[in-house]
Amino acid sequence: MSPRPLAYLSLATVVAAVTASAVVAVPRPPSVTPDRIVLTWRGDPRTTQAVTWRTDASVSAPVVQVAPAPEGPTFASEPRTISATSQDLALATGVARYHSADMDGLEPGKRYVYRVGDGTNWSPWFDFRTASERPERFTFLYFGDTQNQIRSVATRVARQALATAPDARFAIHAGDLINRANSDSEWEEWHDVYAPVHTSIPCIPSIGNHEYERGATADAPRTLSNHWRPQFSLPENGPAGLEETAYYIDFQGVRIISLNCMERQAEQAEWLRGVLANNPNRWTVVTFHFPIYSIARGRDNAQLRELWRPVLLEGKVDLVLQGHDHIYGRGQPDASAAGPGPVYVVSVAGAKQYDMADRSWARRVGQDLKLFQTITVDGRRLRYEARTATGALYDAFELRKSARGATTLRDLVPAGRPEQLRPTAAVAR
């Protein structure tokens, strides 16, 4: 008997298949050659760029070199050399030394090249571009959970995303980048898969539940992955104690706010209220892992919804990008006479797929899809597109903002593309 297609498998069967197929690989040990290079931001994207990378513990003088991007093989002047700070992480394969540096004093809207190393052992030269001084048209990427079978399955999504939006300015990851918080082999896979993206396009990662290690007992508190802060250099403008896990970044007229749904939700609600109240940007995007409105069977984040939903409404957030449910859903359930409310999106980039439950809040849903999203901001218009691993358009809409700040949504669901659903799914509408 031939195996049934994925569309007919239950949640339990899918999870069992993913677990059984997972191969525990032995990660490459760190060496003097830089690896796991990722761009992020700690400061102003117009004039700074942060970079983090890994070597072995023998590297004691890590540096980054940066220069205006030449059109040919030679530079107009000598690259500037900036010293990095280092942090050791003990692994089964030895001590990994993570290095981070801030390239500061950059000019807005300019293309630069950089490389990381120790003066002898260097990475290749990579490009990046600083944010413009004023708002101008740009595109960014958004990925839901990658989590499982990262190298074998998510590689297609990452490469297709880069092919579709090669000039994307940053990429949001809405949590569960990996499956086991402290698995060095899984972090290696994640870095390998997204290296073509994040060596040139900065990463804005959010914390998911799988970025937290379970305690020794059921009632023991979870702890943040020991890889998170060494490998991501992020803003520390969030609540005290949640450094680099709750933060915001302003980029060309958009405020991007990343929240940590795993800890101190009430405290973050008050912090978020202040960040939204003092927001000079036209557009606001908030990203976190647990959905305000769940779509997967057996899930409902009622406490989170009670705490954060009123703040999102009060702050007139435009777009909320989430993960966790391993299904696709997009809707605007809070639209009323008082205002349109945020557009909420749940998406997934990886192998694990869940059963659907209540879809009543969603305008467009999909199952058994691996997706990436492109979001283009152009003045008073924001265009959103969700595409499959083959690059096919699955969902789209456009937000338009008036001179007074009123927002309207234009639905652009592709004609002739029905929703992809499991035939056996019992779904409430």
Side-chain angles (χ1 to χ4, degrees), residues 6-7 138-147 153-176 194 197 201 204 206 254 256 283 285-289 291-296 317-333 342-354 356 359 361-378 381-400 409-422 427:
L6 183 62
F138 73 94
T139 297
F140 68 93
L141 296 166
Y142 150 52
F143 298 98
D145 302 35
T146 301
Q147 191 176 347
V153 173
T155 296
R156 291 179 58 220
V157 177
R159 291 183 179 274
Q160 186 61 57
L162 190 59
T164 301
D167 292 326
R169 306 303 301 278
F170 56 84
I172 288 172
H173 293 263
D176 282 6
Y194 287 104
V197 179
I201 298 173
I204 299 180
S206 288
V254 181
I256 305 101
W283 297 97
V285 176
V286 178
T287 178
F288 48 85
H289 188 59
I292 294 293
Y293 293 97
S294 287
I295 195 167
V317 170
D318 299 295
L319 192 57
V320 179
L321 306 178
Q322 308 149 112
H324 191 55
D325 278 3
H326 297 267
I327 298 176
Y328 180 77
R330 185 265 296 182
Q332 200 173 26
V343 179
Y344 296 92
V345 182
V346 179
S347 191
V348 56
K352 187 191 291 185
Q353 304 285 323
Y354 282 175
M356 189 181 301
R359 62 155 295 169
W361 65 270
R363 165 67 178 86
R364 179 79 163 167
V365 300
Q367 293 180 276
D368 300 326
L369 292 165
K370 295 186 301 178
L371 298 160
F372 66 92
Q373 288 70 217
T374 64
I375 298 155
T376 299
V377 179
D378 188 3
R381 295 189 180 189
L382 182 152
R383 182 182 175 91
Y384 167 102
E385 295 182 353
R387 294 183 177 272
T388 70
T390 64
L393 183 64
Y394 185 75
D395 188 23
F397 64 86
E398 184 178 86
L399 294 177
R400 299 185 180 184
L409 183 147
R410 179 187 177 201
D411 219 318
L412 299 171
V413 173
R417 180 69 194 248
E419 292 182 325
Q420 182 166 312
L421 301 174
R422 294 178 183 171
V427 180

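- In this structure H289 satisfies the ring-ring contact (aromatic ring centres under 6.0 Å, His included) test together with H324, sequence neighbours excluded.
- Residue V153 comes nearest to G350 through the heavy atom pair CG1-C, 4.3 Å, listed as atom of the first residue, atom of the second, then distance.
- In this structure, the side chains of R359 and E419 come closer than 4.5 Å at one or more pairs of heavy atoms.
- Using a 30° and 60° split on the angle between ring planes, F140 and F170 fall in the parallel class, below 30°.
- By the side chain to side chain contact (heavy atoms under 4.5 Å, CB included) test, E385 pairs with T374, R383, R387, L393, A396, sequence neighbours left out.
- Two residues are said to be in side-chain contact when any heavy atoms from C-beta on lie closer than 4.5 Å; L141 and T164 fail this criterion.
- Contact check for R410 versus F397: no side-chain heavy atoms found under the 4.5 Å cut-off.
- Pairing each heavy atom of R422 with each of Q367, the nearest pair is N-OE1, 3.1 Å.
- Taking the side chain to side chain contact (heavy atoms under 4.5 Å, CB included) definition, one finds that V254 meets it with F138, I256, W283, V285, V377, sequence neighbours left out.
- Closest of all the heavy-atom pairs between T139 and A165 is CG2-CB, 4.3 Å.
- Under the rule for a ring-ring contact (aromatic ring centres under 6.0 Å, His included), Y142 has no partner lying at least two apart in sequence or in another chain.
- A distance-only check finds a donor-acceptor pair linking the side chain of Q353 to the backbone of L369 [under 3.5 Å].
- Within the model, atoms CZ of R417 and OG1 of T388 stand 6.0 Å from one another, a figure rounded to the nearest 0.5 Å.
- For the atom pair L321 CG and Y384 OH, the distance stands at 7.5 Å (nearest 0.5 Å).
- Between atom CG of residue D325 and atom OG of residue S347 there is a gap of 11.0 Å, rounded to the nearest 0.5 Å.
- Side-chain N or O atoms of K352 include none that pairs as donor or acceptor with a backbone N or O of Q147 at under 3.5 Å.
- The closest side-chain heavy-atom distance from Y194 to H173 is below 4.5 Å.
- Taking OG1 of T376 as the start and CZ of R169 as the end, the distance is 12.0 Å to the nearest 0.5 Å.
- Contact record, G323 with P291: O-CG, 3.3 Å, taken as the closest heavy-atom pair.
- Considering only residues two or more places apart in sequence or on other chains, D411 meets the side chain to side chain contact (heavy atoms under 4.5 Å, CB included) condition with R330, R363, L409, V413.
- Between Y394 and R364 there is a side-chain heavy-atom pair separated by less than 4.5 Å.
- When side chains are defined from C-beta on, W361 counts as touching I295, because their heavy atoms get closer than 4.5 Å.
- The closest side-chain heavy-atom distance from L382 to I375 is below 4.5 Å.
- Note that the CG atom of D176 and the OG1 atom of T146 stand 9.0 Å from one another [nearest 0.5 Å].
- Judged as a ring-ring contact (aromatic ring centres under 6.0 Å, His included), and not counting sequence neighbours, the contacts of Y344 are Y293.
- Shortest non-hydrogen contact noted between I201 and A171 is CG2-N, 4.0 Å.
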